[in-house]
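Reading through the structure tokens given below for one structure.
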Amino acid sequence: IEVFEMKELETVRRVSKDGKISLPLLGELVVGGLTTQQAEDSLAQMLRDRELVKAPRVSISIEEYVSRRVYVSGAVNRPGAVELLGTKTLVEVLAESGGLSDRAGRRILIDRQFAPGDGRIEIDGGRLNEGDPMSNVQMQPGDVVTVPYEEELVVYVNGEVRNAGAQKFSRDAPVTVLRAVTSAGGASERANESKVKVLRRSTDGTQQVFKVNLNRVKRGTEEDL
């Protein structure tokens with residue numbers, strides 16, 4: 001900290017845990033969460049209020065950043081620590097991490113020391129991209145942001161469809177029978193869409209069979225499984 005023509009205020013101070021520094025002649029100054037420019041303005045105002053300097057010229061530089069960091073991992077282009085210079089939102093932190101990669105899933109997880117419950121905040125990435133202000137949370141020092149990679153769900157569509165075989169979907173979006181058939185090119189002309197079967201094998205090895213009438217699904221009279 002330097003104040004022009006006031007050598008007694010030329011000093012180096014460590015910011016306390018509650019965001020304050022102690023200065024000779026002036027006492028405590030709150031700087032937590034401020035940019036250097038804001039801290040300079042705050043100190044200059046204090047000098048004017050105390051009538052010590054009419055037009056103070058204050059210079060503050062950061063010697064060392066210690067705890068004001070957010071850590072970003074997962075499906076971003078530049079994972080690592082992001083310094084919180086002043087205040088930053090989730091969108092700003094993700095931008096400084098190079099943005100989301102092509103393999104990013106829809107969810108974004110924030111692990112926060114003092115968050116309610118288990119300390120984890122889950123953000124819907126889709127709503128964040130749409131500009132939802134509630135999703136663009138204010139970041140706090142020590143936050144750990146994790147962007148999970150998109151998980152793939154494979155559904156095998158066989159029988160009277162135009163492109164039979166494995167169909168790949170994101171686990172973040174619901175996959176229905178109609179969507180799976182449509183992904184396989186739709187039913188062929190010979191298909192009997194009233195007698196579609198879904199075979200599902202459970203983790204214990206047992207198999208379930210569900211019957212779906214796609215004609216009714218298309219009419220809205222039957223649920224699309």
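Predicted model only: the values in this text are computed from it and were never measured. The first residue in the sequence is number 1, and the count goes up from there.
- Enclosure of atom CD in Glu51 is not indicated, since only 12 or fewer non-hydrogen atoms of other residues, nucleotides or ligands lie within 6.0 angstrom.
- More than 12 heavy atoms of other residues, nucleotides or ligands shown are found within 6.0 angstrom of CZ on Phe210.
- No side-chain heavy atom of Met6 sits less than 4.5 Å from a side-chain heavy atom of Phe4.
- By the 4.5 Å heavy-atom criterion applied to side chains, Leu9 and Pro24 are counted as neighbours.
- The side chain to side chain contact (heavy atoms under 4.5 Å, CB included) with Ser135 is formed by just one residue from the set Val91, Asn129, Leu128; it is Leu128.
- Salt-bridge formation is detected for the pair Glu193/Lys218: a Lys NZ or Arg NE/NH1/NH2 atom is positioned less than 4.0 Å from an Asp or Glu carboxylate oxygen.
- Within the model, atoms CD of Glu2 and NZ of Lys7 stand 7.0 Å from one another, a figure rounded to the nearest 0.5 Å.
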Show your reasoning for whether side-chain contact (heavy atoms from CB on, under 4.5 Å) applies to Val147 and Leu94. CA-CA 10 Å; Val147 183; Leu94 291 174; 4.1 Å; yes

If you apply the rule side-chain contact (heavy atoms from CB on, under 4.5 Å), what do you find for Arg112 with Ile121, and how did you get there? CA-CA 8 Å; Arg112 176 171 292 172; Ile121 302 169; 3.8 Å; yes

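- The shortest non-hydrogen separation linking Ser188 to Glu160 is OG-OE1, 2.7 Å.
- Side-chain contact between Leu109 and Pro148 is present, with at least one heavy-atom pair separated by less than 4.5 Å.
- Screening Leu23, Val12, Leu29, Val31 for a side chain to side chain contact (heavy atoms under 4.5 Å, CB included) with Ile1, the sole residue that qualifies is Leu23.
- A donor-acceptor pair is defined here as one N or O able to donate and one able to accept, closer than 3.5 Å; no such pair exists between the side chain of Lys211 and the backbone of Val198.
- In this structure, the side chain of Gln167 does not engage the main chain of Val155 through any donor-acceptor pair within 3.5 Å.
- Taking each heavy atom of Pro79 and Ser73 in turn, the nearest pair found is CB-CA, 4.2 Å.
- Judged by distance alone, with hydrogens and angles left aside, the side-chain atoms of Thr182 form no donor-acceptor pair with the main-chain N or O of Gly186 at under 3.5 Å.
- Annotation: side chain of Ser170 is not in contact with side chain of Glu152 (no heavy-atom distance under 4.5 Å).
- The shortest non-hydrogen separation linking Ser202 to Gln208 is OG-OE1, 4.0 Å.
- A 4.5 Å side-chain heavy-atom check between Ile110 and Arg120 finds every atom pair outside the cut-off.
- Salt-bridge annotation for Glu150 and Arg103: absent, with no side-chain N of the basic residue lying under 4.0 Å from a carboxylate O of the acidic one.
- Atom CD of Gln207 is surrounded by more than 12 heavy atoms from other residues, nucleotides or ligands within 6.0 Å.
- With hydrogens and angles disregarded, a donor-acceptor distance shorter than 3.5 Å links the side chain of Thr35 to the backbone of Gln38.
- Using a 4.0 Å cut-off between charged side-chain N and carboxylate O, Asp124 and Arg107 make no salt bridge.
- Shown here is Glu223, whose CD atom has no more than 12 heavy atoms of other residues, nucleotides or ligands within 6.0 Å.
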Evaluate the criterion side-chain contact (heavy atoms from CB on, under 4.5 Å) for residue pair Leu43 and Leu26; output intermediate values, then yes/no. CA-CA 9 Å; Leu43 177 52; Leu26 297 173; 3.5 Å; yes

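- Here the side chains of Pro141 and Arg69 are not in contact, with every heavy-atom distance at 4.5 Å or above.
- Dense packing is recorded around CG of Asp49, with more than 12 heavy atoms of other residues, nucleotides or ligands lying under 6.0 Å away.
- The side-chain heavy atoms of Leu90 and Met139, taken from C-beta on, include a pair separated by under 4.5 Å.
- Summarising the geometry of Gly125 relative to Ile108, their closest heavy-atom pair is CA-CD1, 4.3 Å, with the distance given to 0.1 Å.
- Annotation for Arg127: atom CZ does not count as buried by contact number, only 12 or fewer foreign heavy atoms lying within 6.0 Å.
- The pair Glu96-Lys88 counts as a salt bridge, with a side-chain nitrogen and a carboxylate oxygen less than 4.0 angstrom apart.
- Environment of CZ in Arg190: sparse, with no more than 12 heavy atoms of neighbouring residues, nucleotides or ligands closer than 6.0 Å.
- Between Ser183 and Val157, every side-chain heavy-atom pair lies at or beyond the 4.5 Å cut-off.
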Does Lys197 form a side-chain contact (heavy atoms from CB on, under 4.5 Å) with Val212? I'd like the steps, not just the answer. CA-CA 6 Å; Lys197 291 182 179 179; Val212 178; over 6 Å; no

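- Within a 6.0 Å sphere centred on CZ of Arg216, other residues, nucleotides and ligands contribute 12 heavy atoms or fewer.
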